[in-house]
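Heavy atoms only: backbone and side chains are in, while hydrogens, waters and symmetry mates are out. Here the structure is a predicted model, which means the values were calculated and not measured.
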Amino acid sequence: MKLRVALLGYGWIIDRHAQAAMTLGPEVIELVGVAGHHGDRAAAFAERYGIARATDDWATLVASDDVDAVVIGTPNALHHRQTLVALAFDKHVLVEKPMAVTVTQGEEMMVAAVTAGKVLAVGHMWRYRDEVVALRERIAAGELGRVVRTHGYGVHAGWGPSGWFVDPALAGGGALIDMGIHAIDTARFLLGDPQPERVQASIGFGVFHEDRIDDDGLVIVDWDDGARSLIEFGWWQPHLGGLEAETEVRGTSGFAQIWPDGLPSAPGYDHCSVPMYAAQLADFARCCRAAREQGPGSPLPAASAEVGLTALRVVEAAYAAARALPWRTR
């Protein structure tokens, strides 16, 4: 049975989800409505994808009887409220990362999903990229021995976002919560989803850009399996040390990385590709069907609420660690 989906937002990320839905076909995903702050932009988006309904009233759309699930791609500060409203109206939710701007909000969202008996997934789409999954399987098979350290990247070179992305009140932070969070979750996924035990960070604010938000930094995560992950993140960087979500893995028996050949040179190469968004959306749809048919205990998506919350915990701890500055040389 198809999943009838409402889209909240009409920006780049929702465009990816819409393309993913088109890839899967209407027998899997039917896009029934789109909502956003500017009704004319929502209408233009709806026309582009043949969506019947467009509105600036997202709450009314979410409450509609012909909506089974909601995909949320609005500014981060809206994720918490929109997710809670959707769950209260008995809808499944796929919310973009970060799932919220605070861990407390994320916890409330998880509790609400369990209470409602609905699927809550978070947009950590690199878990669905073929190359990432392949390296995870090699690590799980013991090919690299015991993993000692990973080095991951969440960097934009020569570019950074604008608008609400650079407003901490709407975004919850800067490059760390936007880009670094992907690299953090990719490292965790490769390692088999250990839990973070300690987080350290050094973060620069307004280093490469006039906006006083974090645009450069390093995060170190000690996981409970004994591995350590170094994460580089930033916007407007002068050099790209690795593709978005690229992760190097060092083990006691070997070394590997997701894209060993570096930046692909094929014409038209799309790194943040539609197929991984389609795989994520298909997984979400499968879990929604299973929840309807099996009830409690049904399978969770690979990018579950727990996944989103753990990544957010690391981000929140990193910001706190950077602010603490426990000692300083003189």
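A chain of hydrophobic side-chain contacts below 4.5 Å, direct or via other Ile, Leu, Val, Met, Phe, Trp or Tyr residues, connects I72 to M109. In terms of hydrophobic clustering, with Ile, Leu, Val, Met, Phe, Trp and Tyr side chains grouped at heavy-atom distances under 4.5 Å, L281 and V133 are assigned to a common cluster. Residue L78 is not grouped with residue I181 when hydrophobic side chains (ILVMFWY) are merged at heavy-atom distances under 4.5 angstrom, including chains of intermediate members. Note: the hydrophobic cluster containing I13 also contains L8 (ILVMFWY, side chain heavy atoms under 4.5 Å, direct or indirect links). Put simply, V314 and V147 are part of the same group of oily side chains (I, L, V, M, F, W, Y) that touch within less than 4.5 Å, one to the next.
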**Request:** Would you sort out whether V70 and F89 count as a side chain to side chain contact (heavy atoms under 4.5 Å, CB included), showing the intermediate values?
**Result:** CA-CA 11 Å; V70 179; F89 280 114; over 6 Å; no

**Request:** Determine, stepwise, if the pair Q19 / Y49 fulfils side chain to side chain contact (heavy atoms under 4.5 Å, CB included).
**Result:** CA-CA 8 Å; Q19 291 183 55; Y49 287 103; 3.3 Å; yes

**Message:** One pair to check against side chain to side chain contact (heavy atoms under 4.5 Å, CB included): E143 and E137. What are the steps and the verdict?
**Reply:** CA-CA 9 Å; E143 184 176 324; E137 291 173 350; over 6 Å; no

**Request:** Would you please test E306 and R313 for salt bridge (charged side-chain N to carboxylate O under 4.0 Å, His left out) and show each step?
**Result:** CA-CA 10 Å; E306 184 277 334; R313 285 189 195 282; over 6 Å; no

**Request:** Using the side chain to side chain contact (heavy atoms under 4.5 Å, CB included) rule, take K2 and E27 through it: C-alpha gap first, then chi angles, then the decisive distance, then the call.
**Result:** CA-CA 5 Å; K2 67 185 176 183; E27 67 279 3; 5.6 Å; no

**Request:** Just do the ring-ring contact (aromatic ring centres under 6.0 Å, His included) check on H37 and W164 with the steps written out, would you?
**Result:** CA-CA 13 Å; H37 183 66; W164 67 262; over 10 Å; no

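Under the 3.5 Å distance criterion, the side-chain polar atoms of D216 are left unmatched by any main-chain donor or acceptor of G204. Put simply, the side chain of K91 gets close to the backbone of V67: a donor and an acceptor are under 3.5 Å apart. The main-chain N or O of I220 is never found under 3.5 Å from a side-chain atom of R228 such that the two would form a donor-acceptor pair. Proximity of a side-chain donor or acceptor of H124 to a complementary backbone N or O of T186 within less than 3.5 Å is not detected. When atom types are taken as modelled, the side chain of Y128 and the backbone of A302 share a donor-acceptor pair closer than 3.5 angstrom. Between the side chain of D56 and the backbone N or O of G39, no donor-acceptor pair lies under 3.5 Å. Checked by atom type and distance alone, the side chain of R129 never pairs as donor or acceptor with a backbone atom of A245 at under 3.5 Å. Of the possible donor and acceptor atoms, none in the side chain of S64 sits under 3.5 Å from a partner among the backbone N and O of D66. The main-chain N or O of Q195 is never found under 3.5 Å from a side-chain atom of R188 such that the two would form a donor-acceptor pair.
For the ring pair (Phe, Tyr, Trp, His ring centres under 6.0 Å) with H209, the qualifying choice from F165, W236, W159, W235 is W236, the only one to do so. Partner of T150 under the side-chain contact (heavy atoms from CB on, under 4.5 Å) criterion, out of L190, L191, V221: L191 alone.
In terms of heavy-atom proximity, M99 sits nearest to L309 at SD-N, 3.3 Å. In plain terms, the two heavy atoms of K97 and I177 that are nearest each other are NZ-O, 4.0 Å. Smallest separation of non-hydrogen atoms from C287 and P299: SG-O, 3.6 Å. Minimum heavy-atom separation, G154 to A183: N-CB, 3.9 Å. Nearest approach of A303 to Q280, heavy atoms of both residues: CB-OE1, 4.4 Å. For the residue pair F284 and L3, the shortest heavy atom distance occurs at CE2-CD2, 3.9 Å.
P196 is listed as a side-chain neighbour of T310, based on a closest heavy-atom distance under 4.5 Å. Between V274 and R16, the closest side-chain pair of non-hydrogen atoms falls below 4.5 Å. Looking at E232 and L218, their side chains come closer than 4.5 Å, going by heavy atoms from C-beta outward. Annotation: side chain of R136 is in contact with side chain of D193 (closest heavy-atom distance under 4.5 Å). Between L176 and I184 the shortest side-chain heavy-atom distance falls below 4.5 Å. Annotation: side chain of D214 is in contact with side chain of F233 (closest heavy-atom distance under 4.5 Å). The closest side-chain heavy-atom distance from R292 to M1 is below 4.5 Å. Side-chain contact between P275 and T23 is absent, with no heavy atoms from C-beta onward closer than 4.5 Å.
The 12-atom threshold is not exceeded at CD of E47, counting heavy atoms of other residues, nucleotides or ligands nearer than 6.0 Å. Enclosure of atom CG in D65 is not indicated, since only 12 or fewer non-hydrogen atoms of other residues, nucleotides or ligands lie within 6.0 angstrom.
No side-chain N or O of T104 forms a donor-acceptor pair with one of E108 less than 3.5 Å apart. Under 3.5 Å, the side chains of Q105 and H79 contain no donor-acceptor pair of N or O atoms.
I139 CD1 to R146 CZ: the interatomic distance, rounded to the nearest 0.5 Å, is 13.5 Å. Note: C288 SG to L94 CG = 8.5 Å, rounded to the nearest 0.5 Å. From E248, atom CD reaches atom CG of L135 across 11.0 Å, with rounding to the nearest 0.5 Å. Of the inter-residue distances, the one linking I258 atom CD1 with D261 atom CG reads 13.5 Å to the nearest 0.5 angstrom. Here the CG atom belonging to L312 is positioned 11.5 Å from the CG atom belonging to D185, to the nearest 0.5 angstrom. Summarising the geometry, atom CD belonging to E131 is positioned 10.0 Å from atom CD belonging to E246; distances are rounded to the nearest 0.5 Å.
With respect to the salt-bridge test (charged N to carboxylate O, under 4.0 angstrom), the residues R48 and D15 qualify.
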